[in-house]
Amino acid sequence: MNVLVINCGSSSLKYQVINSGTEGVLAKGLCERIGIDGRLVYEPAGGEKEITQADMPTHKQAIQMVIDALINEKTGVIKSLDEIGAVGHRIVHGGEKFAASAIITDEMIQAVEACSDLAPLHNPANLIGVRACQELMPHTPMVGVFDTAFHQTMPKEAYLYGVPYEYYENYAVRKYGFHGTSHSYVSKRAAVLLDKPYESLKTIVCHLGNGASVCAVKNGKSVDTSMGLSPLEGLVMGTRSGDIDPSAVEYIAKKENLDLAGVLNVLNKKSGVMGLSGVSSDFRDLEAAEKAGNARAATAQQVFNYRVLKYIGAYAAAMNGVDCICFTAGLGENNGVIRKQICESLAFLGIQIDDEANSKRGEEIVISTPESKVKVLVIPTNEELAIARETVALVKER
Ligand code: ADP
């Protein structure tokens with residue numbers, strides 16, 4: 001079956017068509033600047049990447065352009081829409097309602113809408129993509145795959161904040177966690193690569209991209225993760241502050257004459273390594289700036305690494321041990337320097353890194369030495385494939 005995987009944001013939309021038999025990608029790309037002017041990127045497997053400027057005032061028109069590209073006589077990868085057996089949608093927040101992916105129905109959409117308070121920027125945008133696809137492919141089954149679902153196994157002591165319990169009962173204030181599709185995919189791959197039962201491993205996954213989070217996976221279940229009610233908690237990220245004393249919010253608001261939304265905007269978009277360095281949210285720029293003598297760029301990277309290190313330490317304690325640590329996403333997959341620096345500080349766990357293996361990029365590889373007590377792996381994440389697998393499993397079950 002071919003699955004169209006859609007990750008829909010407010011003004012952009014990423015897509016892939018994956019064949020569930022071969023697990024190969026037939027085509028992928030993105031629509032950008034939806035509602036502004038419009039740009040379609042289309043890349044068929046083994047073919048040339050095409051970039052087209054085209055008006056796409058709505059998401060429906062954007063998805064129509066994707067479909068036109070997919071069935072184009074010359075460069076398309078399918079003959080007609082009938083060759084798309086299902087659509088898998090990434091949905092950011094499933095609240096406590098969704099502990100697993102779900103077939104999209106009217107009731108399911110209502111339940112996602114009910115979680116939108118918790119993710120006002122993401123869920124409505126995800127649903128726009130769902131509705132547009134429903135209009136264009138009314139008979140194709142669709143599945144929602146949630147970023148939060150994998151973490152619904154966290155125990156109370158991990159997901160409750162130390163605030164009045166009524167806030168949890170009345171407003172669902174708690175830790176939810178994100179990147180669940182990635183943490184689940186990577187932790188499962190680690191078990192396969194180490195040839196160990198998934199249900200017997202204590203794994204820490206470090207998803208280090210622009211958005212970044214760490215997850216403790218014990219016996220195949222997420223038991224803690226660094227992001228919280230929103231993706232702002234936890235690690236210092238590209239532009240997000242991560243953990244911060246809430247009192248600083250009031251203090252910054254007064255000093256900078258900002259309201260609550262203004263401070264949160266700073267903490268989400270102008271903080272992290274971007275805010276610390278004043279240079280960039282991209283670690284390639286930070287490395288270049290550091291080499292050119294920029295001390296703040298160096299400090300920003302140290303702060304980032306230190307926070308990752310602390311979460312790994314915390315999760316090793318939370319699981320009473322750790323068998324393997326996995327690095328994934330843009331930085332985790334490509335930045336051996338960060339991996340090495342973090343792991344050097346974990347020597348007390350008996351971790352030893354094989355420098356040659358650690359110098360490789362973007363491939364599944366064990367980067368610890370055979371003597372290392374804890375295995376360290378680089379595992380490129382593949383959220384689209386994970387979404388396609390979930391989608392097929394649910395559609396077949398119907
Ligand atoms: P997002 O959360 O936006 O998906 P990514 O997973 O792409 O983010 O991660 C972005 C970070 O990964 C950037 O800081 C960038 O420097 C780093 N990165 C991505 N690709 C590479 C690469 N090929 N080489 C070195 N660093 C990379």
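Every number for a ligand or one of its atoms is a count from 1 in the order of the listing.
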> Per the side-chain contact (heavy atoms from CB on, under 4.5 Å) rule, which among Val25, Ile84, Val5, Val66 passes with Val17?
Replying inline: Ile84

> Can you tell which of Ile91, Val143, Ile103, Val130 makes a side-chain contact (heavy atoms from CB on, under 4.5 Å) with Met108?
Replying inline: Ile91

> Do the side chains of Ile244 and Val236 join up, straight or via other hydrophobic residues, at under 4.5 Å, putting them in one cluster?
Replying inline: no

> If only atom types and distance count, is the side chain of Ser271 paired as donor or acceptor with the main-chain N or O of Val266 below 3.5 Å?
Replying inline: yes

> N/O of Leu331 under 3.5 Å from N/O of ligand 1, yes or no?
Replying inline: yes

> What class does the angle between the rings of Tyr159 and Tyr168 fall in, given that below 30° is parallel, 30 to 60° is tilted and above 60° is perpendicular?
Replying inline: tilted

> Going by heavy atoms, is Arg361 under 4.0 Å from ligand 1?
Replying inline: yes

>> For Tyr176 and His93, take the angle between the two ring planes, folded into 0 to 90°, and tell me which bin it lands in: parallel under 30, tilted 30 to 60, perpendicular over 60.
In response: perpendicular

> Does atom 4 (O) of ligand 1 have a protein non-hydrogen atom under 4.0 Å from it?
Replying inline: no

>> Give me the nearest non-hydrogen protein atom to atom 17 (C) of ligand 1 as residue plus atom name, then the distance to 0.1 Å.
In response: Gly330 C, 3.8 Å

> Which protein heavy atom lies closest to atom 20 (N) of ligand 1, and at what distance to 0.1 Å?
Replying inline: Asn334 ND2, 3.4 Å

> Numbering the atoms of ligand 1 from 1, which are under 4.0 Å from a heavy atom of Gly211?
Replying inline: 2 (O)

>> Suppose we measure from atom 2 (O) of ligand 1 to each protein heavy atom; which comes out shortest, and what is that distance?
In response: Asn210 N, 3.1 Å

> N/O to N/O below 3.5 Å, does that happen between Phe283 and ligand 1?
Replying inline: yes

> Can you tell me the protein heavy atom closest to atom 15 (C) of ligand 1 and the distance?
Replying inline: Asp282 OD1, 3.4 Å

> Checking salt bridge (Lys or Arg N to Asp or Glu O under 4.0 Å) for the pair Glu135/Arg131: CA distance, chi angles, key distance, verdict?
Replying inline: CA-CA 6 Å; Glu135 284 178 38; Arg131 292 208 179 87; over 6 Å; no

